[in-house]
Q: 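Can you keep this structure in mind? I'll have questions shortly.
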Amino acid sequence: MGAALPAGFFARDAVRVARALLGCVLETRVRGVVTAGRIVEVEAYVGPHDPAAHGFRNRRSARNASMFRGPGIAYVYFIYGMHWCFNAVTGREGVPAAVLVRALEPVAGLATMRRRRHTDDDRLLCAGPGRLCQALGITGAMDGLRLDGPRLRIWPPARAPVRSPVVTSRIGITRAADWPLRFAEAGSRWTSRPEPQGGSGRDRK
DNA sequence: GGTAGGATAAGCT
DNA sequence: GCTTATCCTACCA
């Protein structure tokens, strides 16, 4: 049995970390129940100069405080009045940079995920940042936790992606909408949206 | 197959 | 007041 990814893994440029996270396994333990999924889609939020990031211009608030707490920390925030989103912080202490996890390939605790998500369609278990948080039981209670602790862990890839990732712009944002900072495993059927067709990895929207 | 609209709340201007 | 790193349902093709 290997070890969870150490803080040092996350202490790099957010784009590097985002790409390296593809294929890694995000695991939670909630009241003894383990659920886990293989990361197939991520977005990088690269720092205080990123207009789409919550830490733009180093603005701090109660919500985004965890984003400033250093590499290897979870930043979990609530959005649209009903969804949680999970990020892995990559910036050194005081620098707001993180990777948003957007989709997982379910690998453990599927029955629990189906119950939490109220669906039997496995494709819809973890295909989207809000969905994967619901499936894994991630809430604001996990904001600020270390990513190598008992409740939250990220394991190195058991099976690394073979092909280079599909690169597109980030989803659901309006500022810096054309920055190519979304990375998805090529050919995965577990992403939040279908791969752009045409083979060239072109953008959409 | 696709898309429009609503739910719901924190933070910002 | 307005925006937001979303999801689900309803409706139309």
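Below, chains carry the letters A, B, ... as their sequence lines are ordered, and counting in each starts from 1.
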Q: Could you work out which one of C:dA5, B:dC12, C:dC7 sits closest to the side chain of A:Asn87?
A: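 My answer, after comparing the listed nucleotides, is C:dA5.
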Q: Rounded to whole Å, please give me the gap between CG in A:Leu125 and C1' in C:dC8.
A: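 Whole-Å distance recorded here is 16 Å.
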Q: Is it true that A:Asp143 and A:Arg69 make a salt bridge, defined as a side-chain N closer than 4.0 Å to a carboxylate O?
A: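 Salt bridge flag = no for A:Arg69 with A:Asp143.
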Q: Quick one: A:Ile171 CD1 to C:dA5 P, roughly how many Å, whole number?
A: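 The answer, rounded to whole Å, is 12 Å.
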Q: Find out whether the Lys NZ or Arg CZ of A:Arg63 is both under 6.0 angstrom from the six-membered ring centre of A:Phe78 and within 45° of the ring's axis.
A: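 Here A:Arg63 fails the 6.0 Å and 45° test against A:Phe78.
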Q: Do the side-chain N or O atoms of A:Arg175 get closer than 4.0 angstrom to the phosphate oxygens (OP1, OP2) of C:dT4?
A: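 For A:Arg175, the contact criterion (side-chain N or O under 4.0 Å from OP1 or OP2 of C:dT4) is not met.
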Q: Now, which nucleotide makes the Watson-Crick or G-U wobble pair with B:dA9, with each of the two distances under 3.5 Å?
A: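 Because both required distances fall under 3.5 Å, B:dA9 counts as paired with C:dT4.
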Q: Checking contacts here: which listed nucleotide (B:dA9, C:dT6, C:dC8) is nearest the side-chain heavy atoms of A:Arg117?
A: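 Nearest to the side chain of A:Arg117 among the choices is C:dC8.
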Q: Which nucleotide, C:dT6, C:dA5, B:dA10, lies nearest any side-chain atom of A:Tyr45?
A: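 Minimum distance to the A:Tyr45 side chain belongs to C:dA5.
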Q: I want to check one thing: is the phosphate of B:dC12, taken as OP1 and OP2, less than 4.0 Å away from some side-chain N or O of A:Arg57?
A: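 A:Arg57 to B:dC12 OP1/OP2: no side-chain N or O under 4.0 Å.
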Q: Expressed as a whole number of angstroms, how long is the span from A:Tyr80:OH to B:dG11:P?
A: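 To the nearest whole Å, that distance equals 16 Å.
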Q: Name the nucleic acid region contacted by A:Arg170, choosing base, sugar-phosphate or nothing; use a 4.0 angstrom heavy-atom cut-off, strictly under.
A: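 Nothing, no heavy atom under 4.0 Å.
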Q: For the pair made of CZ in A:Arg123 and C1' in C:dC7, what is the distance, rounded to whole Å?
A: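 After rounding, the reported distance stands at 16 Å.
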Q: Side chains of A:Thr112 and A:Thr35: do they bring a donor and an acceptor to under 3.5 Å?
A: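 No pair is found: no donor N or O on one side chain lies under 3.5 Å from an acceptor on the other.
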Q: For a quick test of reading the model: is some side-chain N or O of A:Thr174 closer than 4.0 Å to OP1 or OP2 of C:dT3?
A: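 Looking at the OP1 and OP2 atoms of C:dT3, neither is under 4.0 Å from any side-chain N or O of A:Thr174.
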Q: Distance from A:Phe9 atom CZ to A:Leu147 atom CG, nearest 0.5 Å?
A: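 A:Phe9 atom CZ to A:Leu147 atom CG measures 10.5 Å (nearest 0.5 Å).
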Q: Has A:Arg92 got its NZ or CZ under 6.0 Å from the middle of the six-membered ring of A:Phe68, at an angle within 45 degrees of the ring axis?
A: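 Cation-pi check for A:Arg92 and A:Phe68: fails.
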Q: Whole angstrom is fine here: how far is it from CZ in A:Phe78 over to P in B:dA9?
A: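 To the nearest whole Å, that distance equals 7 Å.
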Q: Starting at atom OH of A:Tyr75, determine the distance to atom P of B:dG11, rounded to an integer number of angstrom.
A: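 Taking atom P of B:dG11 as the reference, OH of A:Tyr75 is at 9 Å.
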Q: Report the nucleotide, chosen from B:dA7, C:dA5, B:dT13, that has the shortest atom-to-atom distance to any side-chain atom of A:Arg59.
A: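 Nearest to the side chain of A:Arg59 among the choices is B:dT13.
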Q: In whole Å, what is the span from the CE atom of A:Met67 to the P atom of C:dA5?
A: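 It is 11 Å, rounded to the nearest whole Å.
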Q: Check the distance between C:dT4's C1' and A:Tyr77's OH and give it to me in whole angstrom.
A: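 Interatomic distance, OH of A:Tyr77 to C1' of C:dT4: 9 Å.
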